[in-house]
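Each remark here refers to the structure printed beneath this line.
Note that ligands are numbered from 1 as they come in the structure, with each ligand's atoms numbered from 1 the same way.
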Amino acid sequence: MLLLISPDGVEEALDCAKAAEHLDIVDVKKPDEGSLGANFPWVIREIRDAVPADKPVSATVGDVPYKPGTVAQAALGAAVSGATYIKVGLYGCTTPEQAIDVMRGVVRAVKDYRADAFVVASGYADAHRIGCVNPLALPDIARRSGSDAAMLDTAVKDGTRLFDHVPPDVCAEFVRRAHEADLLAALAGSVKVGDLGALTRIGTDIVGVRGAVCEGGDRTTGRIQPRLVAAFRAEMDRHAREYAAAVAAAS
Ligand SMILES: O=C[C@H](O)COP(=O)(O)O
C-alpha cells in the first residue's frame, strides 16, 4: 500500500520532505477550499522543487462543478505546474454520465500534455450528504473515462470517517471493482492508524491521510509532523507483514 500525504503548503511540504523515506506521494491541496481544495500553481511548483525528485507530486484540482471544460483546463494547469498525479473531486456531478464527461476531459487534457501522468477520479464516501455520485460508481467512472485510479475521500471534514459512511465490506467491493477494471484503488477520509488493518486486508493500493499525521490529529489547526508520518508508516508496514504471514499460513 502506498502512503499519500497532503500538506497544505510549502512549509508543510518541507516537513514531508524530512519524512520522505516514509511516504510515497506528496499531495498538494488547499484544505481551506474544501476536502480536495486546489492550491495555486506556484505552490505546486514550489512543492515540486522542495520534495525529493523520486517522490511523485500529486495535486488536487478541487471539489469540482459539472463544468468539463473548466475542469480540464484546471487539470492541465496542475500538470504544467509539475504534478504527475492529478486528482479530481467530482463534487458537482450528480450522475455517472456527468462524472465521465468531466473525467474524459481531464484525461485528454493531462495526457496530451504528459502521457505518463496519473489521473485519479475521486468521489466521496459521504456522497449522500452532498448529493453527488454513489461511491461504488467510481471504479466504472474511472474505467470509462480512461483514468488510472478510483478514489474515495470524505467531503465533510467534521470528524466522521471513511468507514462511518462506507463500511469495510463496501470498501472491499470498491477495491474489487477497481481491480477488476485494472485500476488502482485509493481510500482516504480521516483514516486513523486503527483503520490500517482493514485497509490492508481489502487490498487498498493507496491510502491518503492528513489529520492522522498532524499534531493533535487535527487536520486544520495541527501541522504535519515527520515523526507521525514515520509512526504511521511503521504501522502500515507491520500490518502488511502480518497480513502476508497470515495469507502464507493459510495457503
Ligand atoms: O487525500 C487525502 C486527504 O487529505 C485526507 O485528509 P484527512 O486524513 O485529514 O481526511
Side-chain angles (χ1 to χ4, degrees), residues 1-9 11-13 15-16 19 22-39 43-44 47 51 55-64 75 78 83-91 118-127 129-130 135 138 142 147-166 171 174 178 184-196 198-199 204-225 228-229 231-233 235-236:
M1 188 156 61
L2 299 176
L3 176 57
L4 173 146
I5 304 272
S6 305
D8 66 357
E11 272 188 43
E12 276 195 345
D15 288 330
C16 288
H22 306 295
L23 59 85
D24 300 292
I25 303 162
V26 176
D27 177 49
V28 185
K29 62 171 58 165
K30 196 165 181 293
D32 61 355
E33 289 196 18
S35 159
L36 275 86
N39 215 319
V43 173
I44 299 172
I47 290 178
V51 304
K55 297 293 167 191
V57 166
S58 154
T60 53
V61 174
D63 295 309
V64 308
T84 45
Y85 280 60
I86 308 296
K87 271 168 66 187
V88 180
L90 296 161
Y91 194 97
F118 192 90
V119 176
V120 183
S122 183
Y124 301 89
D126 50 351
R129 298 168 108 182
I130 55 169
L138 261 297
S147 303
D148 302 289
M151 180 164 190
L152 293 179
D153 199 335
T154 45
V156 185
K157 300 289 183 183
D158 62 352
T160 60
R161 300 165 41 204
L162 171 70
F163 289 155
D164 293 331
H165 304 291
V166 181
C171 282
F174 175 89
L184 295 193
L187 292 169
S190 302
V191 164
K192 304 283 179 231
V193 160
D195 301 324
L196 287 172
L199 290 169
T204 311
D205 299 296
I206 303 174
V207 58
V209 293
R210 172 170 174 78
V213 295
C214 284
E215 198 157 23
D218 191 323
R219 75 187 318 274
T220 311
T221 59
R223 186 167 150 166
I224 290 176
Q225 302 295 314
L228 295 178
V229 175
F232 195 89
R233 185 46 173 251
E235 278 301 289
M236 282 175 65

Q. Should you measure from each heavy atom of Ser6, which atoms of ligand 1 turn up under 4.0 Å away?
A. 1 (O), 2 (C), 3 (C), 4 (O)

Q. Any idea which of Arg210, Arg161, Met151 brings a heavy atom closest to atom 5 (C) of ligand 1?
A. Arg210

Q) Quick one: does Thr154 get an N or O within less than 3.5 Å of an N or O on ligand 1? A) no

Q. Which one of Val213, Asp15, Asp8 satisfies the side-chain contact (heavy atoms from CB on, under 4.5 Å) criterion with Arg223?
A. Asp15

Q: With heavy atoms under 4.0 Å as the rule, classify the contact between Asp153 and ligand 1 as side chain, backbone, both or neither.
A: side chain

Q. Does ligand 1 have any atom that is closer than 4.0 Å to a heavy atom of Gly189?
A. yes

(Q) At less than 4.0 angstrom from any non-hydrogen atom of Lys29, what atoms of ligand 1 do you find? (A) 1 (O), 2 (C), 3 (C), 4 (O)

Q) Does the pair Lys157/Asp218 count as a salt bridge with the N-to-O cut at 4.0 Å? A) no

Q. Between Gly211 and ligand 1, does any nitrogen or oxygen pair lie at a separation below 3.5 Å?
A. yes

Q: Please could you name the atoms of ligand 1 that Leu4 approaches to less than 4.0 Å, counting only its heavy atoms?
A: 1 (O)

Q) What atoms of ligand 1 come within less than 4.0 Å of a heavy atom belonging to Lys87? A) 1 (O)

Q. Which atoms of ligand 1 have any heavy atom of Ala188 under 4.0 Å away?
A. 2 (C)

(Q) Among all protein heavy atoms in this structure, tell me which lies nearest to atom 9 (O) of ligand 1, with the distance rounded to 0.1 Å. (A) Arg219 NE, 2.6 Å

Q | Among Leu138, Thr204, Val166, side-chain contact (heavy atoms from CB on, under 4.5 Å) partner for Phe174 | A | Leu138

(Q) Closer than 4.0 Å to some heavy atom of Ser190 - which atoms of ligand 1 meet that? (A) 7 (P), 8 (O), 10 (O)

Q: Could you list which atoms of ligand 1 come closer than 4.0 Å to a heavy atom of Asp27?
A: 1 (O)

Q) Got a salt bridge between Arg210 and Asp153, using NZ or NE/NH1/NH2 to carboxylate O under 4.0 Å? A) no

